[in-house]
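Written below as structure tokens is the structure these notes are about.
Letters A, B, ... are given to chains in the order of the sequence lines, protein chains preceding strands, and every chain is numbered from 1.
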Amino acid sequence: MKHSTLPLLVELGCEEIPARFLDDARDDFGRQMLSALGESRLLPASAEPARWYSTPRRLTVWVPAVLAKQPDVVEELIGPPVKVGLDPAGKPTRAAESFAAKNAARVADLVQITTPKGQYLALKKTHSGQAAVDLLPGILPGVVSSLNFPKSMYWVAKSGPRFVRPIRWILALWGEGKQARTIPFEIAGVKAGNVTCGHRILGRGGLRVQGFADYLKKLQQAGVELDPEKRRTRIRAEIKALLEDLRLRPVEDNWLEAWIVNSTEWPTALLGQFDRRYLHLPREILVTVMRDHQKYFAVEDGKGNLQPRFVTVLNLDGDTQGRIREGHQRVLSARFADAEFFWNADQKATLQDRRPLLDRVTYQAELGSYGEKVQRMKAVARELCAVLEGYAGPCIPDDSLLPDNERAPKGAVPRLVRFVPMVRERVLRAVELCKSDLTTQMVQEFPELQGVVGGLYASAQGESSQVSEAIYDHYLPQGAEDRCPRSMVGAIVSLADKIDSVVGGFAVGHEPTGSSDPFALRRQGNGIIKVMVENSLPLPLRLLVERALNILTIEWRKPQLEVFRAVLEFLEDRLRYYLETVRRLRYDSVRAVLAAGWDVPVDALWRAEALERVRGSENFESLSLAAKRIKNILGKSATAEDWRPGEVDAGILEEGPERELYVAYGSAAAEAGQLTASGEYDKALAAIAGLRPAVDRFFDKVLVMTGDRGVRQNRLRLLGKLDQLFSGIARFAEIVGGPGDVDASTLRTVKSDK
Amino acid sequence: MASKRKRVKTGTARTALSFQDMILRLSEFWARQGCVLALPYDLEVGAGTMCPETFLRVLGPEPWRVAYIQPSRRPADGRYGENPNRLLKHTQMQVILKPPPPDIQEVFLASLEDLGIDLRHHDIRFEEDNWEAPTLGAWGIGWQVMLDGLEITQFTYFQQSGGIDLEPISVELTYGLERIAAFLQAADDVFRVRWDNKITYGDMRREEERELSLYDFEAASAQTCRTLFELYEGEAARLLAACRAGASTHGFPLRKVYELCLKCSHLFNILDARGAISVTERVALIGRVRKLACEVAGIYLDRKAAVVEAEPA
């Protein structure tokens, strides 16, 4: 039997819903509607899918097929066994009669069914499904009240309804055309009906609706484009049409586009101009004013040069009198005049002049002023420079100091950098000036431009490009996915800032807990790791954290050592997050590498990448099994106090596999040691993996736990040596192997327990 | 109070309403909506919200509709009368509707049309903007109303005042009158706005702007401001303590204590503009003023409850 269905159209009419909530609100409304209808068994097995739409004033769901009636459900009530219910002549007994009577049925309705326990008398009772018309008035209010918003409000009273903005009308239509009827229900004192509203200005009064097609048509006539995707397409097309002939283009901005889509019902793009003289202000400031404050698209030419024009998107059908354009131009011009005023006023005092003012600007209550923070940052920066200057590993010069044509090509493999003393000078200069822009009117007006403004002012005040770039960039990266400062100087200033913030934050008890991280220290921690790793800076975390702790002058409420440990544990977590999430390395590779040490984060990355490359080889897989076996043997023996690490006595080694392994170990260890020292982890791992045949033969032929205590101890010591070798670059035993690896599942469990 | 939108023929810049005519027109509009026209409050305030006609009257169940003009001071916005768009003291039209009618947005738009703004030819938007007065423990949810990219009104559903949940909710409309006047008159400079047909806004106010900026940014003694802050706060605290000690709230000069609290709030603003307050101290000072405001709000409600209980007897 084909079940009859009818379409359902529900629209929730609101006062203007904030643009930033609209996408989620629309999806939430659609999904909740479907799940509620599904739970009430009102959705057919297959049908045209539901659709949902939104404008700032409405959330709409259209379900093309809702069952007119729930399907019937047949319930089987089991009575007495046939032997009991029927006498030998097949007549119903008293037992059968009372079963029928109890269930308000006639004895004639009883049927015989077969169950695993035998033949029984039973009743088949049909529960007929309820009509959707009766169910929907109960379902729909529940759907609305199940919607959640990041911020909602009361508009009648604290005891009254609560929603993202006041609900002003409800359209709830069941069926199509003349037969369409309203689902009667009420939310927040508003009765559902068959009437919607058009655009605030373009629409006129209420619109009676007879179905979805009719609804769309009437909304169009009343100045409402219901579909956000169609609004998006229209906005793009209109902007293109305005700019194409002028050979200009909008400065692309997905955030702004989405905001406009979600704050208009009838978008129309409009081109405006501003006085060319404002173009002497930095692009960053002009774009911020247009984008963040006025919601305009900035406009540039084919070469990316900003033009004295802007595009605003109206929620109207046009500007026939030209007065809207005039109004927007006047507002923008006043905003730019303000920005120009700030720029000029701010230049009266240089960043250097402003430095003493920072002593009056509080950084955080327990951590003192920004002046004090700059002092601490300087100490940390000096430490960073000293480590880098003293670094004796393989290096190339810091080519960010070279002219562009001599720099390494972009995207080249990261390499260690030789640190030149010139960098230190510039780092310290940038640190000295980097927070001074907090005292400028420009940053007070546009807080989102802190750092950027400092960089622009530094450049205008004659600081070197290295210094001003570093100031400009020093808040970067804002997270693990954000970009890093452009230069080495910027990277070190950024590190000094973030290390001080994290260490200081932990010291005064601001460490993140669970989902709460009010001082955004995780973001800062992610920044530390990212900058160190992506600039190939071989910096040791322990040393830096220790120094940063030592220069804090606070009242210690907990032991320094405790803070030290907490910060390091936190940074290890950040490094793990970075390697797994940003670098997408396998979790067990990351575990193996971190277990072998992570004091220098970039070194951990290099080892992890090398490990990822070799771990698929046959030699390596088998070796990681052997590594686990060795760990097990040593673990048991250590608890049995049978063995202490020590030197192998070559004299008592048995000829054959044992001595062969010892010799192979010796040369592999020496080779791997050299390769590790020069950072050639791939080759070092290959050298170690080459031990596999010797290891396999050893375990095949040699009994480790032999009765002779001396021999046994010597063999354990040999295994101890191997264990060291198998744990230096990465702890091989942590690697989860193929299906044959019995430890794989246990390792997984341990991981998820954490 | 379903309002019919009255289409007023839009004037050109020359025939557009003067500043004072605009005030008259808006006042008449809201009087027609049943608002009592209160007088501006005779104390320095940062916003019309701080006047007792709003801060206290939004508390409690009694319906209330009021509209008034309120000069409001924001020391940090001072520009010595030199910036064409910024004022230390600007003029607000404050409207409170408790409870708000369901067509409140329509009524508000009608008030704009009443000023001669033809909405068919302007881009009017309600952009999310939630308002908060931390020194008063007052906040609400709503929008800034944008007219061709210009913020002309703050439209707020009050949620709390004096730290107390509102029952019922009030809508607060705060018109920025200088901006609307400049818009109507197509003036690029607020000081050139016609106040009436002869006198400009500049004639009326430029000197005052300069002098107030001069004091708040330069001449004010931070030490004196701090001392005054503490004196006013101390006086308020003394009276509040006396009120707590005696059970009856009848002998308590509630509105005077509230004035002392507003004095503190204004002194705080001067200190802030002066750059004399650090970020942490800022939080602490705001907390001290809020404490006074919240206590006053609590006593106001207790006293009303006592009156209601006394009446049936």
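Between E106(B) and R200(A) a salt bridge is recorded (basic side-chain N to carboxylate O distance below 4.0 Å). A salt bridge links E445(A) with R86(B): at least one charged nitrogen is closer than 4.0 Å to a carboxylate oxygen. Between R79(B) and D338(A), no side-chain nitrogen of the basic residue sits less than 4.0 Å from a carboxylate oxygen of the acidic one, so the salt-bridge criterion is not met.
A distance of 5.0 Å separates NZ in K151(A) from CD1 in I141(B), rounded to the nearest 0.5 Å. Summarising the geometry, atom CD1 belonging to I201(A) is positioned 4.5 Å from atom CG belonging to L119(B); distances are rounded to the nearest 0.5 Å. The CG atom of D118(B) sits 7.5 Å away from atom CZ of R323(A), with the distance rounded to the nearest 0.5 Å. Atoms CD and CE, on Q159(B) and M153(A) in that order, are 5.5 Å from each other to the nearest 0.5 Å.
Contacts of F341(A) with chain B are made by side-chain atoms alone, with heavy-atom separations under 4.5 Å and no backbone atom involved. Heavy-atom distances place both the backbone and the side chain of P102(B) under 4.5 Å from chain A. For chain B, the nearby part of L202(A) is the side chain; its heavy atoms alone come within less than 4.5 Å. Contacts between R325(A) and chain B at a heavy-atom distance below 4.5 Å are absent for every atom of the residue. Heavy atoms closer than 4.5 Å to chain B are found in the backbone of S152(A), but not in its side chain. For W259(A), the part lying near chain B is the side chain, with the backbone staying farther off; criterion is any non-hydrogen pair under 4.5 Å. When heavy atoms are compared at a cutoff of 4.5 Å, D189(B) does not approach chain A at all.
A 4.5 Å side-chain heavy-atom check between H328(A) and L150(B) finds every atom pair outside the cut-off. The side-chain heavy atoms of E16(A) and E127(B), taken from C-beta on, include no pair separated by under 4.5 Å. Proximity of E128(B) to R165(A): side-chain heavy atoms (C-beta onward) are separated by under 4.5 Å at one or more points. Residues I324(A) and H121(B) fail the side-chain proximity criterion, which asks for heavy atoms closer than 4.5 Å. R120(B) is listed as a side-chain neighbour of D317(A), based on a closest heavy-atom distance under 4.5 Å. Residues R330(A) and F183(B) are in side-chain contact: their nearest non-hydrogen atoms beyond the backbone lie under 4.5 Å apart. P100(B) is not listed as a side-chain neighbour of W155(A), based on a closest heavy-atom distance of 4.5 Å or more. The shortest distance between side-chain heavy atoms of I104(B) and E15(A) falls below 4.5 Å.
In this structure, E218(B) places its CD atom where more than 12 heavy-atom neighbours from other residues, nucleotides or ligands lie under 6.0 Å away.
Across P168(B) and A157(A), no two heavy atoms sit closer than the pair CA-CB, 3.9 Å.
The greatest number of non-hydrogen atom pairs below 4.5 Å with chain A, out of E167(B), K98(B), E151(B), is found for E167(B). Comparing G140(B), A182(B), G142(B) by heavy-atom pairs within less than 4.5 Å of chain A, the highest count is held by G142(B).
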Stepwise side chain to side chain contact (heavy atoms under 4.5 Å, CB included) test for I169(B) and V156(A): CA-CA 5 Å; I169(B) 298 290; V156(A) 177; 5.7 Å; no
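With D123(B) contributing its side chain and N315(A) its backbone, the two residues share a donor-acceptor pair below 3.5 Å.
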